[in-house]
Amino acid sequence: MRITTWNVNSIKQRLPHLLGFLEEAKPDVVCLQELKCQDEGFPRAEVEGAGYAVETLGQKAYNGVALLVRAPLTASEIRRGLPGDGEDVQARYIEAVVSGEGSPPIRVASIYLPNGNPVDSPKYPYKLAFLERLRLHARDLARLEVPVVLAGDYNVIPQAEDAADPEAWRHDALFLPASRAAFRALLAEGYTDAVRACDPRDGLYTFWDYQAGCWQRNQGIRIDHLLLSPQAADRLVSASVQKHLRGLDKPSDHVPVTVRLSDG
DNA sequence: ATGGCCGCCCCAGGCGGA
């Protein structure tokens, strides 16, 4: 079972790259973020044609998340939106139970956490509140004692080792102590950062800004994460970053990150 | 020289991203 998370920065712009990735990697589940379209604008027929069922939570112009599930696996118990704030209309969370092929069901979420900049605006408290809501929901899911994968663009650089130039991020919402503490609090609910658990090396990035030649100079950061509940972590085989996609024409500024879990 | 982009939307400059 392979599960990928990828912030595509516009599904319409990135559809060719997505279809190429599905064909070459054949992941079982794909968590997409930043669709930047409404549900009716999602290129559903093309993705279904590649062999995937599609569940979306879209929004005009901004945000938007989706889950793709490769047949014969199926998605059920779809949850759209993160609990805890009925006023929150931003499309940042979708969750489902993925089952089939004789292996135990896995609960998977596609998450697009708020960026939070500028930090002196209401956007930063919204980010911290969203992280706290996610912690409470993650705690509820952990109590089910089943495999859970919380995957997405967390917009948090967990540690200095996760940035090529940590000093440049010192006062940024992605790296402020309160942001990192909220991420650690999430892990403290019993979750494992799959990439970090598989590879202790520095210099493993998932995002390179379009500006300032960041890709060419490898000025990246690691902000796309897959957090595993204990029952999912017990099955963790490997984790990898599909860095090559950043080098294509018209790339997303994020690349896919994939975990492999053992079956059964 | 410390900036350099990209995608969205009532089509064009402002907003959001990170």
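Any value given below was found using the heavy atoms of this structure, including those in side chains, with hydrogens, waters and symmetry copies removed. The structure presented is a predicted model; accordingly, all values stated were derived computationally and were not measured. The sequence lines fix the lettering, A, B, ..., with proteins before strands; numbering per chain opens at 1.
Distance noted for atom C1' between B:dC6 and B:dA12: 15 Å (whole Å). Comparing B:dC15 with B:dC11, their C1' atoms sit 15 Å apart, to the nearest whole Å. Nucleotides B:dG16 and B:dC10 are separated by 14 Å at their P atoms, to the nearest Å.
Rounded to an integer number of Å, the gap from CD of A:Q90 to C1' of B:dG16 is 11 Å. One interatomic measurement links the two molecules: CG of A:D209 to C1' of B:dC5, which rounds to 7 Å at whole-angstrom precision. In this structure, the CZ atom of A:F42 is 17 Å from the C1' atom of B:dC8, given to the nearest Å. In this structure, A:Y112 places its OH atom 12 Å from C1' of B:dC8, rounding to the nearest Å. The interatomic distance linking A:I221 (CD1) with B:dG17 (C1') rounds to 11 Å, in whole Å. In this structure, A:W208 atom CH2 and B:dG17 atom P are separated by 21 Å, rounded to whole Å. One can place CG of A:N63 at 7 Å from P of B:dG17, the figure rounded to the nearest angstrom. Atom pair A:F175:CZ and B:dG17:P shows a separation of 21 Å (rounding to whole Å applied).
Checking A:K243, A:H254, A:Q216, A:Q219 one by one against A:W208, the side chain to side chain contact (heavy atoms under 4.5 Å, CB included) holds for a single residue, A:K243.
Each of A:G213 and A:D172 was matched to the nucleotide of DNA chain B holding its nearest heavy atom; the match closer to the 5' end belongs to A:G213. Mapping A:L35 and A:L174 onto DNA chain B by nearest heavy atom places A:L35 at the nucleotide closer to the 5' end.
In this structure, A:N155 reaches the sugar-phosphate backbone alone: every heavy-atom distance under 4.0 Å involves primed, P, OP1 or OP2 atoms, never a base. Residue contacts shown for A:Y154 are absent, as no nucleic acid heavy atom lies under 4.0 Å away. Among the heavy atoms of the strands, none lies under 4.0 Å from A:D224. Nucleic acid contact for A:A61: sugar-phosphate only, since backbone atoms but no base atoms lie under 4.0 Å from a heavy atom of the residue. Counting any heavy atom pair closer than 4.0 Å across all strands shown, A:Q13 reaches sugar-phosphate atoms only and no base atom. At the heavy-atom level, A:N7 lies under 4.0 Å from the strands shown only through sugar-phosphate atoms.
Between A:H225 and A:F183, the ring planes are tilted. Angles from 30° to 60° get that label.
Between A:E55 and A:R80 there is a salt bridge, since at least one side-chain N of the basic residue sits less than 4.0 Å from a carboxylate O of the acidic one.
An OP1 or OP2 oxygen of B:dC10 is reached within less than 4.0 angstrom by a side-chain nitrogen or oxygen of A:K60. Distances shown here put every side-chain N or O of A:R217 at or beyond 4.0 Å from the OP1 or OP2 atom of B:dG4. Side-chain N/O atoms of A:K123 include one lying less than 4.0 angstrom from OP1 or OP2 on B:dG17. Within the structure, a side-chain polar atom (N or O) of A:R92 is placed less than 4.0 Å from OP1 or OP2 of B:dG17. An OP1 or OP2 oxygen of B:dG16 is reached within less than 4.0 angstrom by no side-chain nitrogen or oxygen of A:K36. Between A:S10 and B:dC6 there is no side-chain polar atom (N or O) within less than 4.0 angstrom of OP1 or OP2.
In B:dC10 the base sits anti relative to the sugar, since the glycosidic angle is further than 90° from 0.
A:R135 places no side-chain N or O within 3.5 Å of a backbone atom of A:R184 that could act as its donor or acceptor partner.
A cation-pi arrangement is found for A:R180 relative to A:F175, the charged atom lying closer than 6.0 Å to the ring centre and inside a 45° cone about the ring normal.
Using modelled atom types and a 3.5 Å distance limit, the side chains of A:Y154 and A:D193 yield no donor-acceptor pair.
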